Amino acid sequence: MKDQAEILRRRMQELEGKPQAKTIAIASGKGGVGKSNFSINFALQLMKNGKKVLIFDLDIGMGNIDILMGKSPTRTFVDLFREEMSIHDIIELGPESLPYIAGGSGLSHIFELDQEKFTYFQDEYEKLAKSFDYILFDMGAGATQDSLNFISSAHEVIVVTTPEPTSITDGYAMIKHLVHKDKNLPLKILVNRSLSEKNGRATFDRLSLVVKRFLDSEVTLLGVLPDDRSVIEAVNKQRPFVIDRPNSSVSRAIEKLVQSYLNEGHLQSSPRSFVDKLKRFVFER
């Protein structure tokens with residue numbers, strides 16, 4: 001554990017002075033749409049493209065990032081506050097040395113930070129912000145006031161849905177919450193488990209249309225991932241599908257998706273950093 005923390009510290013020291021990481025909240029209106037699995041494979045594909053990525057598991061009470069990767073973390077996000085540890089010491093390494101922070105039990109209390117704990121979190125988080133290109137928040141399904149504060153503080157949000165009508169409806173509900181919170185928050189849609197590219201794009205078009213009509217807002221398509229049995233097989237093995245089945249249709253699709261995402265260029269971040277925005281939502285209500 002000490003060796004791992006020392007390696008991460010050296011990495012962070014090497015990156016001192018670089019621009020702050022882009023924070024991406026990955027959310028969904030309902031559970032069971034493959035959000036956490038997408039988060040892991042999206043992160044690994046970004047790393048294949050030379051990006052430094054960290055995953056934060058913020059799925060309240062039901063974090064499963066470590067399970068999907070076949071890992072048993074020794075420390076979690078909860079320990080940062082419970083034991084006042086350095087954020088270096090709670091970072092675990094998953095497949096391909098993917099850095100992640102596990103959620104742990106009792107995570108619901110983390111969303112209720114007082115001023116002292118928030119300042120501690122802010123100081124520790126800023127150590128990370130200069131050490132990675134992307135920090136991915138794997139959020140719990142659905143929306144609470146506290147989780148919406150975290151999601152809306154990110155530089156960008158990816159809402160994961162599937163072509164099922166109930167999933168589209170719940171995805172729209174999540175988007176509605178976020179638009180009311182911050183109309184200028186960039187929102188991207190991932191259509192997962194689609195029977196075809198055409199089916200996925202039609203799903204996005206339906207969702208985009210109602211967002212435009214009823215919320216007077218815009219969403220963009222991040223991409224479409226196919227309904228591929230390779231995903232289930234990889235989950236059963238507790239291995240990311242881009243590692244377990246790199247030549248599968250879903251792995252090729254996420255490779256294409258990430259390449260397209262990176263080719264867009266780094267979206268202009270909000271003038272406020274993640275923690276500045278979060279502080280405004282939490283303490284300036």
Side-chain angles (χ1 to χ4, degrees), residues 4-5 7-27 34-58 65-66 68-69 71 87-88 90-102 124-139 150-151 153-160 185-190 192 220-225 234 239-246 250-270 273-275:
Q4 177 178 307
I7 291 170
L8 289 164
R9 284 194 186 90
R10 285 201 299 269
R11 286 184 189 174
M12 293 177 180
Q13 288 167 359
E14 290 169 1
L15 291 162
E16 279 298 318
K18 73 179 292 290
Q20 288 205 358
K22 181 176 183 178
T23 54
I24 304 174
I26 302 175
K35 173 183 54 59
S36 296
N37 206 17
F38 166 73
S39 298
I40 294 168
N41 288 278
F42 182 61
L44 287 167
Q45 197 61 46
L46 285 170
M47 287 174 60
K48 286 184 180 180
N49 282 270
K51 303 302 180 182
K52 293 180 172 60
V53 187
L54 171 77
I55 298 182
F56 244 114
D57 191 343
L58 289 177
I65 285 289
D66 51 320
L68 288 170
M69 295 190 293
K71 298 293 181 179
I87 206 154
H88 301 284
I90 64 170
I91 296 177
E92 306 278 342
L93 295 180
E96 305 295 328
S97 297
L98 168 62
Y100 73 98
I101 294 176
E124 292 299 312
Y125 179 84
E126 286 177 350
K127 296 177 184 177
L128 296 180
K130 294 181 180 180
S131 305
F132 294 93
D133 298 308
Y134 295 93
I135 295 177
L136 310 183
F137 292 112
D138 182 50
M139 305 300 303
F150 267 75
I151 298 171
S153 300
H155 294 125
E156 181 177 86
V157 180
I158 296 172
V159 178
V160 181
L185 183 64
L187 300 174
K188 290 184 176 291
I189 306 300
L190 173 81
N192 196 22
T220 59
L221 179 64
L222 175 68
V224 176
L225 295 183
R239 285 166 56 85
F241 59 75
V242 295
I243 294 175
D244 190 62
R245 297 289 297 276
V250 68
S251 293
R252 292 196 302 271
I254 203 166
E255 180 180 2
K256 178 182 176 183
L257 178 155
V258 169
Q259 195 59 60
S260 176
Y261 178 76
L262 294 175
N263 287 342
E264 291 177 4
H266 208 80
L267 290 179
Q268 191 66 34
S269 296
S270 163
S273 69
F274 164 75
V275 287

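Bear in mind that the values here come from a model prediction, so they are computed numbers and not experimental data.
When every heavy atom of His155 is checked against every heavy atom of Ala21, the shortest pair comes out as CE1-O, 3.5 Å. Between Ser39 and Leu136, the shortest heavy-atom contact is O-CD1, 3.8 Å. Shown here for Ala25 and Met139, the closest heavy-atom pair between the two residues is CB-CG, 4.3 Å. The heavy-atom pair separating Ala154 from Thr23 by the smallest distance is CA-OG1, 3.4 Å. Scanning all heavy atoms of the two residues, the minimum distance from Pro99 to Ile91 falls at CB-CG2, 3.8 Å. Met69 and Gly94 get closest at one heavy-atom pair: SD-CA, 4.3 Å.
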Next on the checklist: Test side chain to side chain contact (heavy atoms under 4.5 Å, CB included) on Tyr125 and Ile135; report intermediate values, then the result.
Outcome noted: CA-CA 10 Å; Tyr125 179 84; Ile135 295 177; 3.5 Å; yes

Item to check | Check against side chain to side chain contact (heavy atoms under 4.5 Å, CB included), Leu128 and Ile101 | outcome: CA-CA 11 Å; Leu128 296 180; Ile101 294 176; 4.3 Å; yes

Checklist entry - Passes side chain to side chain contact (heavy atoms under 4.5 Å, CB included), Lys48 versus Val242? Steps please. => result CA-CA 10 Å; Lys48 286 184 180 180; Val242 295; 4.3 Å; yes

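For the pair Asp66/Glu92, no side-chain contact is recorded, criterion being any heavy-atom separation below 4.5 Å from C-beta on. Side chains of Leu222 and Phe38 form a contact here, defined as non-hydrogen atoms less than 4.5 Å apart. Inter-residue side-chain proximity for Lys188 and Ile24 is flagged as unmet; no heavy-atom pair is nearer than 4.5 Å.
One distance of note links OG1 of Thr220 with CD of Glu156; it measures 7.0 Å at 0.5 Å rounding. Of the inter-residue distances, the one linking Leu257 atom CG with Arg252 atom CZ reads 14.5 Å to the nearest 0.5 angstrom. Distance check, rounded to the nearest 0.5 Å: OH of Tyr261 to CD1 of Ile254 gives 12.5 Å. Annotation: the span from Met47 atom CE to Asp133 atom CG amounts to 11.0 Å, rounded to 0.5 Å. With rounding to the nearest 0.5 angstrom, the CZ atom of Phe56 is 6.0 Å from the CD1 atom of Ile90. The distance from atom CG of Asp138 to atom CD1 of Ile40, rounded to the nearest 0.5 Å, is 7.5 Å.
Residue Leu190 is tested with Leu225, Val224, Ile26 for a side chain to side chain contact (heavy atoms under 4.5 Å, CB included); the sole match is Leu225.
Aromatic rings of Tyr134 and Phe42 (six-membered ring for Trp) have centroids beyond the 6.0 Å cut-off, not under it.
Within a 6.0 Å radius of NZ in Lys256, other residues, nucleotides and ligands contribute 12 heavy atoms or fewer.
Side-chain atoms of Asn41 come within 3.5 Å of backbone atoms of Phe241 as a donor-acceptor pair (strictly under, hydrogens ignored).
At a threshold of 4.0 Å, the pair Lys127-Glu124 counts as salt-bridged, since one of the basic side-chain nitrogens sits closer than that to a carboxylate oxygen.
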